[in-house]
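One structure is given below, encoded as structure tokens.
First listed ligand is number 1; within each ligand, the first listed atom is number 1.
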Amino acid sequence: MKAWRLKQFNQPLEYEDIEKPAVADPTDVIIKIGGAGVCRTDLHLIEGIWDRALETPLPFTIGHENAGWVDEIGSGVTEFKIGDPVIVHPVASCGKCLSCRAGEDMHCENLVFPGLSADGGYAEYLKTSERALIKLENGVEPKDVAPLADAGITAYRAVQKAAPFARPGTVTILTGMGGLGHIAVQLMKEFGNGEVIALDTNSERLDMAIEYGADEKILADGNHLQRINEITNGKGPDVIIDFVGEDDTHKESMEMLKKGGHYFVVGYGGVLHVPSLDIINNEFNVIGSLVGNYNQLYELMRLHAKGKVHLHSTTYPMSEANEVLQMLEEGKINGRTVLVP
Ligand SMILES: [Zn+2]
Ligand SMILES: [Zn+2]
């Protein structure tokens, strides 16, 4: 089969013929890819920054945002049959460790993360486990929902953590209106009760945020901290969810956050420097959020089926992965992109 291989950090991917994955364990499932979402994490993998957290097994196939059809099943698979359309939770978790038993798949002690620590979905086929699969509703095409497997679930978990603090009369800033941000706006309107302000450097993306229900948009043009200060009567936002996670957004978030406020870090790549005196004096809460668990993806799929979450996505042929990654790097993508074999 054809697959996009990362062979060396900071080099374009290579489109190669490799062997189709095979069932090894009884709970293994081979998925025929219907759509593989393109994520900023793919750029970070190519840069090599994930090597610190999860050793990057070069050469390997990237792609952790997948949906498709069940193609082969192990002897122990009971809930799925060949041909079922499915969305794939990003990790194959063991189901036996304490984290799995607590429902936290992302913290699994025996985690296999296709696309990060094992071969992923920029390919014709992907190997995962039965535990990772959720059946799609009738009429839902894998390529139309693939980004919910990562962009969607990550926005969902962050908003679920933040929503209890977004009470009536509060202000929430959502920083970065890309693949995750535009989903988060809709979820925040669903789960929160405060004002939701979209912040981005791109006015088209801000217009999209308003369409999706943001109460206000602010262009990050250099004067944005002052505008936020005015809107919040000098107090700052109660909640910030940062989908960018670069040095600038960390710094600005710490400058504007209200006393006792909550700063959720979802995007990454930068370094957060904050004096400990500021943390204690302002009682800042800084909270990380990583993807989401199986049940969160299940809940998101139900909301999507009810028409409460819309996904702005564009499809490209699988053969154009490097071009799409380049566009993402240059900030030329609105919403999410999906590669289709
Ligand atoms: Zn991702
Ligand atoms: Zn586990």
(message) Check for me whether the distance between the ring centres of Tyr156 and Phe191 falls short of 6.0 Å.
(response) yes
(message) One thing to verify: whether Glu141 and Lys143 come together as a salt bridge, which I'm taking to mean a side-chain N less than 4.0 angstrom from a carboxylate O.
(response) no
(request) Return the set of protein N, O or S atoms whose distance to the Zn ion (ligand 1) is under 2.8 Å, each given as residue and atom. (result) Cys39 SG, His64 NE2, Asp150 OD2
(message) Please evaluate residues Thr175 and Asp242 with respect to the criterion side chain to side chain donor-acceptor pair (under 3.5 Å), reporting the C-alpha separation (whole Å), side-chain torsions for both, the decisive distance (0.1 Å), and the verdict.
(response) CA-CA 5 Å; Thr175 306; Asp242 184 352; 5.0 Å; no
(request) Could you name all protein N, O or S atoms found under 2.8 Å from the Zn ion (ligand 2)? (result) Cys94 SG, Cys97 SG, Cys100 SG, Cys108 SG
(request) Using the test ring pair (Phe, Tyr, Trp, His ring centres under 6.0 Å), find all partners of His250 that sit at least two apart in sequence or belong to another chain. (result) none
(message) I want to check a possible cation-pi pair here: Arg302 against Tyr298, using under 6.0 Å from ring centre and within 45° of the ring axis as the test.
(response) yes
(request) Could you please spell out the steps behind the side chain to side chain donor-acceptor pair (under 3.5 Å) verdict for Thr170 and Asp238? (result) CA-CA 6 Å; Thr170 62; Asp238 302 82; 4.7 Å; no
(message) Between His44 and Tyr268, is the ring centroid distance below 6.0 Å?
(response) yes
(message) Restricting to salt bridge (Lys or Arg N to Asp or Glu O under 4.0 Å), what partner residues turn up for Lys259, sequence neighbours left out?
(response) none
(message) Regarding Arg40 and Glu329, does a basic nitrogen lie under 4.0 Å from an acidic carboxylate oxygen?
(response) no
